[in-house]
Amino acid sequence: MEIPSKYNPVEVEDKWYKYWLEKNYFHSEPDDRDPYTIVIPPPNVTGVLHMGHMLNNTIQDILVRRARMLGKNACWVPGTDHASIATEAKVVNKLKSEGIDKNDLSRDEFLKHAWEWTDKHGGIILEQLKKLGASCDWERTCFTMDEKRSESVIKVFVDLYEKGLIYRGVRMVNWDPQAKTAVSDEEVIHKEEQSKLYYVRYQIEGEEDYVTIATTRPETILGDTAVCVNPNDERFQHLKGKRVLVPLVKRSVPVIMDDYVDMEFGTGCLKITPAHDINDYEIGMRHNLETIDTFNDDGTLSEKAQLLVGVDRFEARKQIIPMLDEAGNLVKVENYTNKVGYSERTDVVIEPKLSAQWFLAMEKLAKPALEAVESDDVEFHPKKFKNLYRHWMGNVKDWCISRQLWWGHQIPVYYLADGSFVVAESADKALAKAQEKTGNQNLTMADLTQDEDVLDTWASSWLWPISVFDGINDPENEDIKYYYPTDDLVTAPEIIFFWVARMIIAGYEYRQDKPFKNVYFTGIVRDKLRRKMSKSLGNSPDPLDLIKQYGADGVRVGMLLCSPAGNDLLFDEALTEQGRNFTAKIWNSFRLVKGWEVSDSIEQPEHSKLALEWFEQKLSEQLTMINDHFDKFRISDALMTIYTTIRDEFSSWLLEVVKPAYQQPIDRTTYEGVLDALDKVLRVLHPFMPFISEEIWQLLRERKDGESIMISQWPEVGEVNAETLAGFEAVQEAIAGIRNVRKNNNLAMKESLELKIYPGDKGYNKQFDAVIKKMGNLSAIELVAEEVKGAASFRVFSSSFFIDLGELIDVEEELKKLEEELKYTEGFLNSVMKKLSNERFVNNAPDAVVAKEKAKQADAEAKLKVLKEQIANLK
RNA sequence: GGGCGGUUAGCUCAGUUGGUUCAGAGCACUUGGUUUACACCCAAGGGGUCGGGGGUUCGACUCCCUCACCGCCCA
């Protein structure tokens with residue numbers, strides 16, 4: 001069999017992904033094994049694969065692949081979400097570029113375009129995930145607007161309405177004047193900005209006197225319906241019961257008193273615009289103020305403003321200043337830093353606006369969801385996110401679920417001519433309800449008008465863990481009963497409220513159970529300079545290019561190497577390079593093994609037998625650590641452990657020990673032993689690097705059609721003998737010692753040496769002598785009864801090792817080395833003795849700790865003795 | 001303004017219930033190396049008063065207080 005000297009990831013990865021698909025290994029059906037389920041955080045249909053997806057899906061794939069190898073029935077459900085605002089914006093823009101105005105289209109016509117767009121672009125990201133190696137059950141792919149998911153959303157709306165949890169209300173909402181829709185609090189991003197604070201004076205009605213207010217938004221003056229001061233403010237007592245005139249429009253409004261006003265801020269006097277500021281709105285409610293909505297939906301000034309009608313709000317701000325100045329109302333302008341809310345989707349400034357919207361009452365629903373996380377029934381990794389969650393859930397506000405858009409699930413509310421309405425899952429049912437409600441059997445569909453608005457996208461994705469198994473429509477079906485609750489959710493902390501919290505809420509409301517057992521929060525992918533990766537900055541590499549360049553395995557490793565759990569990760573292409581280098585390392589180890597000629601006629605050398613025995617235990621020890629890392633969701637630590645195991649323990653130690661001499665064959669027993677070891681190592685590696693592990697595993701031994709490492713078993717932890725491991729560590733130190741002696745004396749590896757060992761007080765274990773002999777290229781190992789004079793030396797524990805070099809040894813140099821060791825050991829012993837002579841330590845510390853200190857004392861004393869003898873010998 | 005998290009080697013981070021001279025890993029760096037798998041490599045090595053101060057303790061990177069700085073969330 002020809003094994004290429006260079007590993008070619010592109011070819012190999014395509015080949016095996018195709019093979020896995022052909023064999024249908026990703027697909028899951030309920031059976032009598034334990035399920036292991038992950039639902040993908042659905043990427044939205046406007047998206048293309050970015051580094052965040054790479055990280056997120058790499059982690060999911062690792063978890064799923066390992067679970068599969070642990071014998072679980074693993075099911076990873078993929079899908080996408082429809083992203084109401086983002087998609088609608090894209091479609092509107094696309095139409096615009098074709099000269100079509102959305103306003104000229106009917107709802108149905110627009111939706112046709114939107115579906116076309118979705119069909120064309122919606123699946124791109126899932127196709128890209130395949131390049132990464134994602135082992136999703138593609139047969140189960142879902143979309144938040146496909147038939148079953150849509151039905152679920154509508155059904156839930158009706159149900160929540162009937163439970164009295166959904167209500168319609170006129171509230172202050174976050175209005176996006178570009179998308180012309182309300183958005184939720186979570187979709188508003190506050191940015192600090194340099195702006196101006198304008199001081200404007202209002203004339204007191206019937207007097208020549210003025211009162212001065214400060215505002216950052218002078219254009220809203222036109223909607224003012226009061227001026228407010230703090231009732232405790234001495235300065236303004238004379239204003240009580242008076243009225244002032246709003247500048248320019250000369251409207252007479254009352255002066256009111258409210259504790260809300262901060263006496264220290266500005267002039268201590270506040271203008272009140274209930275229609276355009278959330279706080280003003282609340283004050284307005286308390287004082288029964290009139291509300292004057294001076295803005296149109298697109299952010300221009302409305303007729304009600306009287307002035308500047310049709311002018312955009314920012315332009316209006318510019319224009320109103322000279323107007324105020326001219327009218328003698330402008331007092332001064334100061335620079336001011338404040339926070340301004342921007343729409344997450346369109347990046348325009350959010351306008352607080354009164355509007356009629358649908359809300360979901362959250363308080364009652366949130367309770368079980370909060371408790372679930374408090375009690376770790378749903379466990380967050382890392383734990384610190386519990387605090388954040390508690391804080392949000394404890395102060396949860398009602399959720400504005402309506403959006404003034406077309407793309408999405410149209411709200412199943414049907415209005416009658418008199419403004420009353422019915423809520424039903426379909427138009428037919430609505431009609432029946434309406435007939436019943438009105439007692440008028442002659443009502444027809446034409447008498448009903450469905451609400452124009454759609455539901456917030458999160459109102460469909462919060463059902464995701466249930467709806468992908470159709471558990472809303474058909475709560476007793478086999479899939480939902482088998483796969484729910486799912487096991488792990490992997491997502492970004494930025495959507496902890498948008499999505500995670502709401503899924504937990506929906507889980508308890510509709511399944512009386514959590515949606516998942518663990519939530520693993522990944523970091524945010526940033527560049528080396530800690531900037532968030534974004535298209536506009538152009539600082540994000542194209543993941544598919546990276547895969548082409550370094551291989552999917554290399555990229556997966558690169559992602560993980562920089563992703564400590566829960567911290568942001570600073571992505572650097574150099575890490576991907578490290579990942580690729582690692583694939584080369586593994587490939588070369590494999591080539592070495594496969595390149596050996598195997599002989600049945602030679603005996604297994606002692607050193608090979610010992611090394612294989614040691615490695616088996618070493619691997620078990622490492623595997624225990626890896627399993628533990630997995631249990632704690634320390635995925636990058638798990639990777640680092642297998643990384644060093646392969647590079648150091650397997651390649652640098654095991655292979656170097658068993659490696660036959662040049663052009664010599666290897667004995668059959670050792671060869672098979674090495675293949676077994678590599679087989680195990682590959683299986684542990686597989687979740688991290690699925691492709692190269694499969695390629696090598698397939699070449700390692702003859703495999704039948706239908707065999708694959710991805711459906712093989714995760715290795716069992718075998719017995720570990722601490723003495724063997726400690727013994728081998730001593731061997732490694734001894735070999736390092738020999739290498740040092742060679743290096744310091746310019747002795748080539750080819751020259752074989754004689755090693756003499758003086759066991760010292762604690763004795764010497766010769767179990768691994770054969771290994772030392774091979775690795776050190778020694779002609780003999782001899783135990784001696786006393787120190788060897790004039791030889792190069794080093795110590796491992798309390799034994800001394802000597803290599804006689806004739807006259808070559810530099811006594812001064814050797815003495816210096818020994819003195820240093822002596823000094824260190826004395827210092828060490830000192831610190832131990834200090835503790836042991838402290839009565840309070842001996843009395844208070846646990847016995848085990850004291851015993852340990854005593855053992856340290858004995859070891860140090862033995863070593864000191866050896867060192868002193870040796871120094872005496874040299875002198 | 002309120003809350004949360006962080007500060008450990010040049011960089012990114014571990015450090016599990018206080019207990020080995022315990023200060024660690026990876027990368028980067030330095031030195032040496034054409035040993036017949038691999039320079040996408042091997043071997044060896046340097047580097048940190050664990051943010052400052054105080055306290056508890058026989059013993060503190062670890063617990064408490066305080067200050068400084070950074071980040072995030074909410075208002």
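By convention in this document, chain letters (A, B, ...) are assigned in the order of the sequence lines, proteins followed by strands, and residues within each chain are numbered from 1. These numbers come from the heavy atoms of this one structure, side chains and all, not from hydrogens, waters or symmetry mates.
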Do the side-chain N or O atoms of [X] get closer than 4.0 angstrom to the phosphate oxygens (OP1, OP2) of [N]?
X	N	value
A:Asn387	B:rG3	no
A:Lys384	B:rC73	no
A:Asn395	B:rC74	no
A:Lys659	B:rA37	yes

In the structure shown, which nucleotide is the Watson-Crick or G-U wobble counterpart of [N], with both distances under 3.5 Å?
N	answer
B:rC40	none
B:rG1	B:rC74
B:rA68	B:rU7
B:rC50	none

Rounded distance (Å) that lies between atom [atom2] of [N] and atom [atom1] of [X]:
X	N	atom1	atom2	result
A:Ile635	B:rC13	CD1	C1'	16 Å
A:Ile666	B:rU36	CD1	P	18 Å
A:Ile696	B:rC38	CD1	P	15 Å
A:Lys383	B:rG6	NZ	P	14 Å
A:Met625	B:rA25	CE	P	12 Å
A:Asp648	B:rC38	CG	P	19 Å
A:Leu561	B:rA28	CG	P	11 Å
A:Leu639	B:rC13	CG	C1'	14 Å

Base, sugar-phosphate, or nothing: which does [X] touch, judged by heavy atoms less than 4.0 Å apart?
X	answer
A:Arg742	nothing
A:Lys397	sugar-phosphate
A:Ser651	base
A:Lys750	nothing
A:Arg739	sugar-phosphate
A:Gln578	sugar-phosphate

Taking only the [atom1] atom of each, what is the distance from [N] to [M] in whole angstrom?
N	M	atom1	answer
B:rA23	B:rA28	P	26 Å
B:rC29	B:rC11	C1'	11 Å
B:rG48	B:rG3	C1'	33 Å
B:rG54	B:rA60	C1'	14 Å
B:rA25	B:rG15	P	15 Å
B:rC64	B:rC69	P	22 Å
B:rG10	B:rG46	C1'	12 Å
B:rA14	B:rC58	C1'	28 Å

Task: Any donor-acceptor N or O pair under 3.5 Å, side chains A:Tyr550, A:Glu573 - done: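 Checked: A:Tyr550/A:Glu573 side chains pair up, N/O donor to acceptor below 3.5 Å.
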Open item on the list: Would you say A:Arg390 and A:Asn387 are linked by a side-chain donor-acceptor pair, where the criterion is simply a distance under 3.5 Å?
Closed with: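 There is such a pair (donor and acceptor under 3.5 Å, judged by atom type) between the side chains of A:Asn387 and A:Arg390.
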Carboxylate-amine/guanidinium contact [X] [Y], below 4.0 Å:
X	Y	result
A:Glu351	A:Arg217	yes
A:Asp676	A:Arg701	yes
A:Lys632	A:Asp637	no
A:Lys823	A:Glu826	no

Nearest to side-chain heavy atoms of [X], which nucleotide of [options]:
X	options	result
A:Asn740	B:rG26, B:rA44, B:rC40	B:rA44
A:Asp637	B:rC42, B:rU21, B:rA14	B:rA14
A:His391	B:rA37, B:rG26, B:rG3	B:rG3

Open item on the list: Looking at the base of B:rC38, is there any donor atom on it, or on the side chain of A:Lys585, that sits under 3.5 Å from an acceptor on the other one?
Closed with: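 Per atom types, the contact qualifies.
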Open item on the list: Determine whether a donor-acceptor pair (one donor, one acceptor, N or O, separation below 3.5 Å) exists between the side chain of A:Glu656 and the base of B:rA37.
Closed with: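 Indeed there is one.
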- [ ] Assess the pair A:Phe794 and A:Phe801: is the distance between their ring centroids shorter than 6.0 Å?
- [x]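 A:Phe794 vs A:Phe801: aromatic centres under 6.0 Å.
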Task: Centroid-centroid distance, A:Phe688 to A:Phe630, less than 6.0 Å - done: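 Yes, the ring centres sit under 6.0 Å apart.
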TODO: Report the residue (A:Glu853 or A:Trp392) whose heavy-atom-nearest nucleotide on RNA chain B is the more 5′ of the two.
DONE: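 Taking each residue's closest nucleotide, the earlier one in sequence belongs to A:Glu853.
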TODO: Take A:Ala661 and A:Ala584, find for each the nucleotide of RNA chain B with the closest heavy atom, and name the residue whose nucleotide sits nearer the 5' end.
DONE: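 Result of the comparison: A:Ala661.
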